[in-house]
K.L.:
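The following block contains the structure, expressed as structure tokens.
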Amino acid sequence: MADIVIKSVAKRFGSHTALHDIDLTIKDQEFMVLLGASGCGKTTLLRIIAGLETLSSGEVSIGGRRVDHLPPRERGIAMVFQNYAVFPHMTVFENIAFGLRMKKVSEADIKDKVTRAATLMHIDPYLERYSAQLSGGQRQRVAVARALAVEPSVLLMDEPLSNLDALLRLEMRAELKGILAESKTTTIYVTHDQVEAMSLADRISVMNGGRIVQAAPATTVYANPADRFVGGFIGNPPMNFLPAKRSGNEAEVAGYRLAAPAGGGSLELGIRPEDMDIAEDGLHGKVRVVEPLGPHKLVSVDVDGHLLRAVLPNEADVKSGAAVALAPRPGTVRWFEAESGKAVATSGVAA
Amino acid sequence: MADIVIKSVAKRFGSHTALHDIDLTIKDQEFMVLLGASGCGKTTLLRIIAGLETLSSGEVSIGGRRVDHLPPRERGIAMVFQNYAVFPHMTVFENIAFGLRMKKVSEADIKDKVTRAATLMHIDPYLERYSAQLSGGQRQRVAVARALAVEPSVLLMDEPLSNLDALLRLEMRAELKGILAESKTTTIYVTHDQVEAMSLADRISVMNGGRIVQAAPATTVYANPADRFVGGFIGNPPMNFLPAKRSGNEAEVAGYRLAAPAGGGSLELGIRPEDMDIAEDGLHGKVRVVEPLGPHKLVSVDVDGHLLRAVLPNEADVKSGAAVALAPRPGTVRWFEAESGKAVATSGVAA
Amino acid sequence: MSTVTSSAGFGRWPLRIATGVLILWVLLPIYLLVVNTLDSPAEVTAWPKSFFPSFDLESLSFFAGYAGVAQALVNSVLVAVLTMLLSIGLGAPAGYALARFRFKGQGAFRLLVIMTRAFPLPLLALPLAVYYIRFGLDDSALGLALVHTTLALPFAVLITASLFEGIPLELEEAAWTLGCTRLQAFRKIVLPLAVPGIAASGVFAFVTSWNEVFAASVLTVRNQTLTAFLLTSIDVSPLPLKFAGAFVLVLPALIFLFLVRKYLFSLWGISNR
Amino acid sequence: DDLLFFSSQAAPVEEAQAVRDDVLAGSGLSVSFKSQDGAPFMTRVQAELEAGSGAIGLLGALHGQFASFADGLTPISGTAGTDTISPAFMDLSKLGMGEAHYVPWMQATYLMAANKKALQYLPEGADLNALTYDQLAAWAKAVNEATGSKKLGFPAGPKGLMHRFFEGYLYPSYTNSVVTKFRSKEAEDMWASFKTLWEQVNPAATSYAFMQEPLLTGDVWIAWDHAARLKQAFNEKPDDFVAFPVPAGPAGRGNMPVVAGLAIPKTSPDPETAKKLIAYLLTPEAQAATLKATGFFPVVDLTLPDDAQASAKAFQPAIAAQAKAADGVNTLLPTGLGEANGKFNKVYTDTFQRIVLAGQPIPDVLNQQAQALAAIMKQSGAPCWAPDAASEGACPVE
Amino acid sequence: MNNVRTLPYLLLLPATAFLLVFFLLPFFGVAVEAFTGPGGELGFANFQSIAFDWKFWPAITNTLTLTALVVPIQLALALAMASLVMSLKAGRDVVLYIFTIPLGISDLAAGIVWLAILEQNGFLNGFLHALGLIDGPQNLLTYNNLPALFVAVVAAEIWRATAIILVILVAGMGLIPKEYHEAAEVFGAGRWTRFRKITLPLLRPSLQTALILRVILSFEVFAVVAVLAGSNLPVLMGETFEWQFNLQDSKGAAAYAMIVLGLSIAFTVAILWLLRDRTKGETA
Ligand SMILES: Nc1ncnc2c1ncn2[C@@H]1O[C@H](COP(=O)(O)OP(=O)(O)OP(=O)(O)O)[C@@H](O)[C@H]1O
Ligand SMILES: Nc1ncnc2c1ncn2[C@@H]1O[C@H](COP(=O)(O)OP(=O)(O)OP(=O)(O)O)[C@@H](O)[C@H]1O
Ligand SMILES: [Mg+2]
Ligand SMILES: [Mg+2]
């Protein structure tokens with residue numbers, strides 16, 4: 001059992017508050033991905049869980065045991081540091097073996113486990129090298145291998161694959177997911193790669209300015225963002241937001257009428273770029289830029305002075321400067337309160 | 001004029017050869033993206049251009065002038081280091097101002113330019129902080145701002161946005177592209193993010209094992225990879241490869257017949273995951289895994305014992321374990337020599 | 001940044017006790033020196049000794065009135081500061097070369113440095129004094145500082161070399177790409193980061209010069225340093241004056257140490273990424 | 001420039017200051033007095049002589065120190081004021097050459113001092129002014145038994161003058177010789193009895209430089225040392241201590257006066273002023289002031305001034321008794337040894353350390369050290385000096 | 001880069017030129033003298049003559065013994081002090097200052113201070129007396145109590161000269177990025193293990209320097225020994241002085257100096273080898 005319970009944790013650096021009152025529970029064996037803008041406090045949160053940073057207030061428990069006064073080594077965790085922290089005076093082998101030696105694993109087992117972790121991370125050819133002789137991505141993989149090798153009950157990873165090429169990343173990601181599921185490790189994984197987040201996460205926690213704004217399964221976060229921030233943050237390109245004029249059960253957006261939730265206050269419409277098709281009627285606008293995205297193209301449209309981005313098939317017939325109408329696919333429209341930015345519940349799907 | 005000409009450059013680290021005989025020309029004001037697997041020599045190449053690493057052999061010229069014996073400062077370059085190298089004893093402001101001070105820019109101009117670069121990188125609130133008080137992504141942005149501020153004629157960037165979240169990255173990328181075009185900077189940009197590569201690059205150079213395998217515009221690299229490696233490396237998920245049996249002008253792949261280039265030797269078929277549709281006839285196989293990818297789903301199909309990945313719309317009706325047939329869209333099939341991996345010219349489009 | 005919380009509850013006390021014990025170990029002898037200095041001559045030789053000074057200033061005031069003490073103090077400071085500047089100025093570049101380059105002759109240079117420090121200086125005093133008299137360097141602060149620099153330079157070279165090794169090359173490289181010459185990068189990046197090491201070698205140079213007796217008493221006659229002035233004769237002086245003299249000598253050095261103490265700490269933990 | 005008067009004497013800070021304030025101030029000359037301890041002093045002088053030019057105008061040093069750079073000194077016979085100096089001293093100042101090379105400046109001798117508390121333990125029949133070494137031993141033993149600690153002291157530390165004790169006091173007292181009878185039967189007996197005596201010596205003696213300190217602290221109650229190195233005890237606690245003549249051995253009461261002199265190095269920038277200063281320093285007023293400042297006695301006849309220091313008053317009778325003792329064996333400072341002076345001293349201290357401290361067998365040590373001594377004498381070619389009978393050529397070691 | 005080959009030499013030039021003039025030149029004269037016998041013949045006559053002296057071997061063994069006793073203790077103590085200082089949060093510059101105070105004290109003065117403590121009626125005896133442990137002054141520093149003399153010298157040396165190592169180590173520790181400690185901590189290393197596996201190896205350059213300098217200085221130990229142990233503990237440097245100034249035999253002194261030098265170099269080479277950098281592979 002290695003569930004992690006974080007209760008009203010706050011962290012201040014002098015006058016700057018990096019974490020506000022965080023409440024978060026990560027279930028045993030769960031794979032939790034932490035997403036958030038640069039500087040929002042992800043690393044700080046990991047470091048607090050690891051015991052590398054003192055809490056300003058709050059509690060942290062792992063496996064039902066209060067740990068906020070335990071040193072890192074007694075918390076049963078391993079961590080991949082954002083900046084690797086590969087020991088420069090040890091070979092790759094010794095780096096990976098480090099945690100195992102601390103656990104007094106037998107020499108034979110160490111050899112075994114190190115080789116396995118290194119092979120998994122494709123760094124087995126470099127076992128005798130020192131960190132200074134490795135490329136950035138190779139160093140990063142050493143850091144991951146070192147954390148995997150100890151088979152911790154809780155694994156904290158801070159952007160562990162950020163310096164790897166897409167192909168390798170895809171592979172590593174799959175292997176990580178497999179091995180961590182197998183070893184029943186509770187994982188917190190910081191990434192800025194949303195595809196990675198989606199494909200790895202049991203749940204995603206989205207952080208914003210030192211707060212957790214949504215913690216839910218990937219599809220929920222994607223399809224039903226809890227607020228504008230999440231919608232705007234997740235998805236690449238992000239969700240589009242357009243101001244709506246409400247009138248009863250309907251709302252009008254740039255001259256286009258849609259069904260809308262009842263209630264007061266002004267609304268904003270949220271629509272993902274890939275949820276629109278070219279149609280006769282829809283959100284009318286003028287195409288500004290067309291960018292190739294490999295399999296698709298990204299079209300930026302000026303709708304009533306607001307930027308609307310759509311991902312369209314390569315075949316779609318759009319030209320810079322031309323007029324276009326984009327119709328949301330059914331069920332893909334989300335509504336947000338204009339003031340608070342909070343999502344408004346639609347058609348039974350709660351945020 | 002700041003074109004960069006690299007002539008048969010090689011670099012050996014002891015017995016390990018990091019770069020083999022690189023030939024590459026980057027045109028004045030071109031935005032060249034360097035792509036390649038982790039450890040393939042990207043950083044090494046940048047460092048050689050910057051003058052931080054001695055050549056084992058070859059020549060480097062910038063703006064028509066041999067520079068391989070010039071110290072870095074006389075090459076008119078600026079560089080963003082893969083691991084930032086933000087000066088720990090200077091504030092963010094001083095870090096960004098550093099290059100300007102070296103150029104004896106007036107104090108007023110420095111303030112101006114630093115503020116502009118910092119604002120561009122969204123780190124203007126942190127100008128008085130020291131590196132130790134910044135998050136990883138913030139540090140990275142300081143490194144970028146520092147390089148931008150000097151307005152170099154050649155800018156070398158080693159994964160400059162790797163630690164930023166998608167949203168910020170998107171924004172930074174656009175701003176970078178704009179500002180670099182405006183200032184007519186010749187840029188070499190290392191990234192492992194292919195979307196970034198595609199959207200930024202005038203041309204992409206793909207490296208593999210210390211060699212440059214293809215240097216061409218993004219669409220060419222994507223659509224007509226020079227060899228299997230490029231096809232497999234670029235695209236996420238990558239191009240699928242399936243062995244083909246040639247018979248005259250046709251080839252048979254897992255029972256499916258397609259037109260094929262004439263000639264001897266065995267062939268392999270290459271097809272991008274997003275270039276297939278579910279159809280009656282096509283590559284027949286059994287669905288193994290279906291993974292959600294936000295707007296799409298990634299379907300892994302077992303075709304005759306080979307893995308075939310397809311990106312299908314979320315609505316597509318595929319279930320794990322079911323049989324499926326995937327038909328390549330017209331004109332999307334590429335052919336490769338099975339032995340050498342080299343692309344075979346098809347329908348007039350040369351690699 | 002803060003480290004482990006656990007030490008707050010548990011590990012803190014042993015730490016404090018250890019600090020206390022070590023402080024006592026260092027300060028007690030100094031305190032006793034002060035007691036002896038501030039005791040009257042009779043009390044210095046009394047049995048059993050009191051552990052508290054009687055604040056008798058007789059011995060101290062002797063030095064205050066001792067002809068030439070002030071001038072000697074000035075000379076000492078001058079020589080020590082010159083020594084410090086010379087040894088850092090000559091030593092830091094050499095230390096940098098040792099730390100950053102692999103080149104032929106490195107071993108030979110290291111050997112030369114070690115030899116300089118390992119060779120008993122008093123034997124060189126005679127030949128040096130002969131040169132000095134011939135070349136007019138005799139009896140000058142600079143001349144003495146040059147000799148003291150031979151003592152301090154090895155420290156400066158080796159200490160700075162070992163610290164430069166700990167400063168990531170990459171920071172320098174970044175500076176180069178931003179338009180620095182090697183010298184500028186050294187001055188603006190390496191030097192500030194190596195301040196503790198530079199300070200350490202400065203401290204050594206200063207106290208080495210400050211405390212050096214032999215060369216000082218041979219190479220200066222009129223412009224003697226405080227140490228040469230007091231220390232050569234101190235061990236043949238009466239006990240109370242011995243203590244007071246030792247104290248008079250120690251005091252300026254302690255003030256100097258106090259002034260430079262904060263430079264001995266690196267203010268920024270270097271992190272690579 | 002003022003005249004630089006460079007001296008190995010009056011090195012203790014207080015003495016140097018007193019020389020400046022009380023002696024030199026009256027000269028009317030502009031003099032800068034610098035005192036420097038032995039090793040740097042010698043090095044400095046040698047350097048100036050070797051370089052052929054220098055800053056030092058006038059030298060003040062011990063006879064033995066002048067001996068090691070006699071070549072560098074200006075012959076000085078006929079300097080004003082020397083006529084009042086005892087011919088024995090003037091003879092010494094020739095440094096084995098035909099002409100005087102320095103002017104005797106001040107003299108001193110070694111004597112005994114005791115804490116008055118020790119007097120009650122004097123063995124019966126012992127006269128403090130005519131002690132023998134056996135009585136000294138008995139006395140020290142009695143003190144030891146009474147107080148439980150060894151309270152006899154000698155300056156046997158690295159900076160102490162212990163070698164003079166052997167050269168000027170112990171050997172003459174037992175063998176009536178310094179060099180020739182170095183390994184005689186008498187010498188063996190002497191060492192044996194000294195070894196016994198040493199059992200009463202405070203074991204810290206091997207660190208003592210100046211006996212005035214252990215006397216003042218009470219670590220030592222009975223001590224032998226140079227007068228100048230005893231005086232502080234008397235000045236500080238005049239009522240606690242008595243001074244008395246050195247003991248006598250079977251051959252008499254050895255006694256070695258010490259002389260310090262003034263010399264003008266050949267490199268002196270201003271020999272004329274130096275000569276004037278010498279003349280001044282030999283005046284009775286200057287000599288009296290010097291006594292007060294340094295504890296060294298004048299080389300000219302003089303009655304003690306009334307304001308003389310307590311130590312001077314205490315020492316004078318003891319010194320006089322010592323000098324005029326019926327059984328006195330007057331011993332000269334080693335002469336003619338030149339640079340071998342130090343090695344000569346080392347023979348005696350080594351012998352002492354080996355026999356007494358390290359407990360090595362007396363005859364073996366004496367044999368070995370005698371060879372060393374003979375080699376030194378042969379190398380320097382120094383003829384015998386009192387109390388050894390004059391020799392043709394190098395003084396022989398029997 | 002074109003000047004990379006010459007640059008190191010340029011950097012070394014001032015220091016080398018300086019040492020050439022102010023050390024090597026006079027040194028050369030002394031070295032020649034060491035190997036020139038009394039009659040002007042080349043050879044080892046001077047070494048024979050000093051080796052013949054009965055204090056020669058004691059001087060060597062005493063010097064080596066003192067070094068062997070003092071340096072390891074100092075190293076351990078300095079490491080402990082440095083770690084302590086680094087782990088302090090408040091007031092660490094004050095504590096560091098206090099720890100470095102002995103640095104400002106010359107060896108002779110240090111000897112005097114310790115003599116005042118250890119001598120017969122010194123503070124230690126006074127303290128023991130005040131506690132009622134002894135009746136009167138006990139003499140500790142006597143020629144017939146060699147172990148006590150050693151202990152006294154070792155204590156004084158440790159007190160006096162640990163700060164030298166400390167300051168070098170503190171400066172070195174300041175350069176170790178804290179993330180390595182954090183990583184080690186996360187992977188289960190306790191304080192001691194972190195110290196052994198992270199601090200020590202990363203401190204290697206500073207340790208090397210501190211050790212070399214300290215060993216060399218320890219071979220030159222003299223004044224403290226002279227004050228505390230008088231003539232009972234001959235040491236190499238003391239004998240060098242003795243021969244040069246008291247015995248007026250500069251050839252013998254030169255020979256002693258060459259021995260000090262030889263020992264220093266031998267130990268330096270050994271330390272360099274023991275603490276060599278193993279992480280630098282074959283780089284360009
Ligand atoms: N000093 C060195 N000694 C030996 N090999 C080295 C050294 N520096 C780099 N290498 C090797 O050279 C190859 C190229 O390294 P480089 O840093 O250029 O890779 P990269 O393409 O930047 O990789 P990444 O994307 O992981 O940063 C790597 O395999 C690396 O292990
Ligand atoms: N020592 C410090 N002093 C002051 N502010 C700090 C300190 N350390 C971190 N911060 C601030 O706290 C905030 C959170 O930092 P943290 O490193 O947790 O961000 P992050 O979410 O990991 O960002 P990134 O994705 O860029 O790594 C940042 O705004 C950062 O500037
Ligand atoms: Mg972070
Ligand atoms: Mg790289």
Side-chain angles (χ1 to χ4, degrees), chain A residues 13-14 16 18 35-44 82-84 122-123 126 133-141 158-159 162-170 191-195 198-199 218-219 222-223 232-238 272-275 291-296 298 311, chain B residues 13-14 16 18 35-44 82-84 122-123 126 133-141 158-159 162-170 191-195 198-199 218-219 222-223 232-238 272-275 291-296 298 311:
Chain A
F13 293 110
H16 175 84
L35 271 180
S38 173
C40 72
K42 305 179 293 294
T43 301
T44 308
Q82 189 171 8
N83 49 1
Y84 322 155
H122 298 202
I123 43 172
Y126 313 122
Q133 302 167 316
L134 297 178
S135 80
Q138 287 161 348
R139 260 176 241 180
Q140 191 166 42
R141 284 177 278 158
D158 202 349
E159 315 208 349
S162 66
N163 267 267
L164 304 185
D165 55 279
L167 196 65
L168 194 57
R169 189 130 104 226
L170 198 70
T191 182
H192 44 76
D193 180 334
Q194 301 184 4
V195 181
M198 301 277 174
S199 73
T219 44
Y222 192 83
F233 186 75
I234 296 203
N236 181 6
R272 295 231 167 251
E274 65 275 11
D275 288 343
E291 293 171 79
L293 277 186
H296 305 281
L298 175 62
V311 175
Chain B
F13 291 112
H16 175 83
L35 272 180
S38 172
C40 71
K42 304 180 295 293
T43 300
T44 308
Q82 190 169 7
N83 46 3
Y84 323 154
H122 298 201
I123 43 173
Y126 313 123
Q133 302 168 314
L134 297 177
S135 79
Q138 287 162 347
R139 264 176 237 181
Q140 192 166 38
R141 283 177 278 158
D158 202 349
E159 315 207 350
S162 65
N163 268 266
L164 303 185
D165 55 279
L167 197 65
L168 194 57
R169 189 131 103 226
L170 198 71
T191 181
H192 45 76
D193 179 334
Q194 301 184 4
V195 181
M198 300 279 174
S199 74
T219 44
Y222 191 84
F233 186 74
I234 295 201
N236 181 6
R272 296 228 166 253
E274 64 276 12
D275 288 341
E291 291 171 81
L293 277 187
H296 305 280
L298 175 63
V311 175

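Here is the naming used below: chain letters follow the sequence lines, and residue numbers restart at 1 for every chain. Note that the structure is a prediction, hence the values are computed from the model and not measured.
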K.L.:
What distance do R139(A) atom CZ and S38(B) atom OG have between them, rounded to the nearest 0.5 Å?
P.N.:
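Spacing of CZ (R139(A)) from OG (S38(B)) equals 10.5 Å.
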
K.L.:
Walk me through whether Y84(A) and N83(B) qualify under side-chain hydrogen bond (donor to acceptor under 3.5 Å, both in side chains).
P.N.:
CA-CA 10 Å; Y84(A) 322 155; N83(B) 46 3; over 6 Å; no

K.L.:
Quick check against the 3.5 Å criterion: does E291(A) have a side-chain atom that pairs as donor or acceptor with the backbone of M198(B)?
P.N.:
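No: the side chain of E291(A) does not pair with the backbone of M198(B).
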
K.L.:
Please name all residues satisfying ring-ring contact (aromatic ring centres under 6.0 Å, His included) with F233(B), sequence neighbours left out, ordered by chain then number.
P.N.:
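Testing F233(B) for ring-ring contact (aromatic ring centres under 6.0 Å, His included), a comparison that skips the adjacent residues, returns F229(B).
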
K.L.:
Would you please name every residue forming a side-chain hydrogen bond (donor to acceptor under 3.5 Å, both in side chains) with D165(B), sequence neighbours left out?
P.N.:
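Here no residue qualifies.
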
K.L.:
Is it the backbone or the side chain of Q138(A) that comes under 4.5 Å from a heavy atom of chain B, or both, or neither?
P.N.:
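Both parts, heavy atoms under 4.5 Å.
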
K.L.:
Using a cut-off of under 4.5 Å for heavy-atom pairs, which of L134(A), L170(A), T191(A), T43(A) has the most such pairs with chain B?
P.N.:
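Heavy-atom pairs under 4.5 Å are most numerous for L170(A).
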
K.L.:
Measure distances from L168(B) to the heavy atoms of chain A and classify the residue's part below 4.5 Å as side chain, backbone, both or neither.
P.N.:
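Contact with chain A involves the side chain of L168(B) alone.
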
K.L.:
Which residue out of Q194(A), R169(A), H192(A) racks up the most heavy-atom pairs below 4.5 Å with chain B?
P.N.:
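Greatest number of close heavy-atom pairs with chain B: H192(A).
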
K.L.:
Just so I understand: if I count every heavy-atom pair under 4.5 Å between each of R272(B), R141(B), K42(B) and chain A, which residue has the most?
P.N.:
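Most pairs with chain A among the choices: R141(B).
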
K.L.:
Taking side chain as everything from C-beta outward and backbone as N, CA, C, O, which of these in H122(A) sits under 4.5 Å from a heavy atom of chain B? Side chain, backbone, both or neither.
P.N.:
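Interface part for H122(A): neither.
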
K.L.:
Working to the nearest 0.5 angstrom, can you tell me the gap between N163(A) CG and N163(B) CG?
P.N.:
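Rounded to the nearest 0.5 Å, the CG-CG separation comes to 6.5 Å.
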
K.L.:
Let me know if S135(A) has heavy atoms under 4.5 Å from chain B in its side chain, its backbone, both or neither.
P.N.:
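Side chain only.
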
